[in-house]
Amino acid sequence: MDWLNELVFGTGIAHSMFVFALVISIGITLGRIKIFGVSLGITWILFVGIAFGHFGLNIDPTILHFMKEFGLIIFIYSIGMQVGPSFFSSFKKGGVTLNLLAVSIIILGGATAYLLHLATNLPLSTMVGILSGAVTNTPGLGAAQQTLFDTTGVTDPTISMGYAVAYPLGVVGVIVSLILFRHIFKINLATEAKELESLDDSKYTEAQMFSLKISNPAIFGKTLSETKSFIDREFVISRVKHASGEDLEVADPKTILNEGDIVLVVSNLQNIDSISALLGSKVEMDQNDWSELDDELVSRRIIITKSEINGKTIGNLRLRNLYGINVTRVNRAGVDLIGDPKLELQLGDRLTVVGSKSSVAKIEVFLGNSLKRLRKPNLVSIFIGIALGMLLGSIPFMIPGIPQPVKLGLAGGPLIVSILVSKFGPRYKMVTYTTMSANLMLREIGISLFLACVGLEAGAGFIETIVNGGYLWVGYGFIITVVPLLIVGTVGRLVFKLNYFTLMGALSGSMTNPPALSFANATAGNDAPAVSYATVYPLTMFLRVVSAQILMLLFV
């Protein structure tokens, strides 16, 4: 039975993989358990790792260190690839207010942690670990550990211990705060739902179809290209039914508009009044009416799966001239965009095209329309991005007030590069598309390895730490969780008059707390919390990582 003893209690590769597999599988299984509708999810891996470490099932420190950093890099990079496309757009319109509130929560959380450090004389490195657990932010924990090691050459196990102790109430604390807001402000959910519906402007910005009858003498006899030059608005004329009784025509730049022609316009509600003033009044015709007029014309959604299309604009492809079809809409990440000639296309976009059956068939071949191709992982862009992230994270630079050079490290470098690559990569013909399932798989593997390593590393002294005063860390973490939320949430409600459902999502996102988002979605019964969560999540995730590094650099 020596082989079994070596497998369970040895030091080799087989032993390491055996322990990792047990910790992760048991943790994921326990994560399915819900208490009062709330689950700690994948964080159970951390607690199982602590238990294994406490009972002596340890792993060689070199292997443990490598696997922890490897898992962190994969996790961070996958997060950046997910949030990158929406990172910059999240600052637009109402997103500015929500992001400012989220930044305020981050700043208040850091300030609260620092004040508690001064009041309790607890080492700041430990308090940063408690802060990361209190805001349920694992990348912040990884960044703090990496920064401490880079600057001092030593590790501090109390960082991960503080994280583990504070995490459970970090999850619960956000949900408790949301419930408190509902009672403090006497919020009526039905009233909030009606208000939200009246404020919802997504219907004004998404692509929609309208039928207009040409009645402006100024454009009689003008080509479509000339007509579009008269108005600075995004719109596409998909089809034209001529008053002369000719067959339905797919519009192209040379199409001539005459009095009484009826055109199918794709634009949004914000533009339709201006377009109507130029072209003519609206007439009642829906999509089925247009389809019945000419059986030869079809409307179909085609997926871009050829990498050579990546980064090109609709205008550059000259689809009207070469194939006689119109691109009316582009669906990207569930949102319909107007098929404007200037719109840059990306792998995975779904184009709504209109044309003859033969033309549409040719376009399918040209654009790809093969789901099988999308399922193939684009590993080149992932590993190039990770290499660039390592390069960026290793560059030392000076910050005024800090005596030694600073590095972004293994957390900050890959995060910044992945955001930039996922946003701007298509412009330089770089295929960055990965399916949601592939991204999720990478992310879950990375975070599982990281949490298992953190737990195994902290397990040896965990119980002793709790007995010797670590139980107080739970209270510190709860204060760090709740105080910033109550202050900023009150400002958001009273000063900015935010809808309760929107506020719930923003507060959950500022704490990067999926269980709280799940609670908010269940309470709201609509997607408003998810929208505001997604609005603040990219910047929040980035700043949580950076703020943990800053605290370690400035004060440790």
Side-chain angles (χ1 to χ4, degrees), residues 203-302 314-315 317-331 335-343 349-361 363:
K203 58 186 177 184
Y204 294 100
T205 56
E206 289 191 14
Q208 300 186 45
M209 293 184 292
F210 311 89
S211 296
L212 303 178
K213 188 173 185 177
I214 304 298
S215 59
N216 183 359
I219 64 170
F220 293 168
K222 296 288 194 302
T223 65
L224 180 55
S225 178
E226 292 172 326
T227 302
K228 290 197 70 173
S229 67
F230 295 154
I231 183 170
D232 185 21
R233 291 287 189 274
E234 283 188 353
F235 72 97
V236 173
I237 293 183
S238 170
R239 277 164 276 184
V240 179
K241 180 180 181 298
H242 292 288
S244 59
E246 298 175 9
D247 291 337
L248 203 64
E249 178 185 355
V250 175
D252 64 46
K254 298 179 181 179
T255 297
I256 296 176
L257 300 178
N258 293 301
E259 182 179 5
D261 288 350
I262 298 177
V263 295
L264 179 61
V265 177
V266 180
S267 187
N268 55 49
L269 288 176
Q270 291 179 334
N271 294 334
I272 194 59
D273 287 340
S274 300
I275 298 169
S276 297
L278 172 68
L279 300 180
S281 59
K282 291 176 65 175
V283 294
E284 293 300 325
M285 288 182 68
D286 61 25
Q287 180 67 25
N288 291 330
D289 294 330
W290 283 101
S291 299
E292 291 173 1
L293 287 174
D294 195 332
D295 292 335
E296 286 300 310
L297 292 182
V298 295
S299 176
R300 190 169 298 164
R301 280 199 167 182
I302 299 175
I314 294 176
L317 296 178
R318 301 178 62 208
L319 299 179
R320 287 183 183 177
N321 294 335
L322 297 177
Y323 297 95
I325 65 100
N326 250 338
V327 177
T328 59
R329 283 164 289 166
V330 177
N331 185 278
V335 177
D336 274 339
L337 307 173
I338 299 169
D340 188 79
K342 299 177 183 177
L343 180 65
D349 284 350
R350 296 173 181 263
L351 276 59
T352 299
V353 303
V354 178
S356 66
K357 293 179 182 178
S358 59
S359 297
V360 170
I363 276 294

message = Can you give me the closest heavy-atom contact between A277 and N216, atom names plus distance?
response = O-ND2, 4.1 Å
Closest approach of T227 to L278 (non-hydrogen atoms, all atoms of both residues) = O-CD2, 3.7 Å
task = Carefully, step by step, assess I237 and T255 under the rule side chain to side chain contact (heavy atoms under 4.5 Å, CB included).
result = CA-CA 10 Å; I237 293 183; T255 297; over 6 Å; no
remark   = Smallest heavy-atom separation, G280 atom then S215 atom, equals CA-OG, 3.2 Å
ask   = Minimum heavy-atom separation for D261 to N258, with atom names?
value = OD2-N, 2.8 Å
side-chain contact (heavy atoms from CB on, under 4.5 Å) partners for S225, two or more places apart = T223, P253
query = Are there more than 12 heavy atoms of other residues, nucleotides or ligands under 6.0 Å from atom NZ of K213?
reply = no
Side chain to side chain contact (heavy atoms under 4.5 Å, CB included) between L224 and V263, worked out = CA-CA 11 Å; L224 180 55; V263 295; over 6 Å; no
note = d(R329 CZ, D349 CG) to nearest 0.5 Å is 14.0 Å
query = Considering residues at least two apart in sequence or located in another chain, which fulfil the side-chain contact (heavy atoms from CB on, under 4.5 Å) criterion with S276?
reply = L212, I272, K282
task = Could I get the full list of side-chain contact (heavy atoms from CB on, under 4.5 Å) partners for E259, not counting sequence neighbours?
result = F220
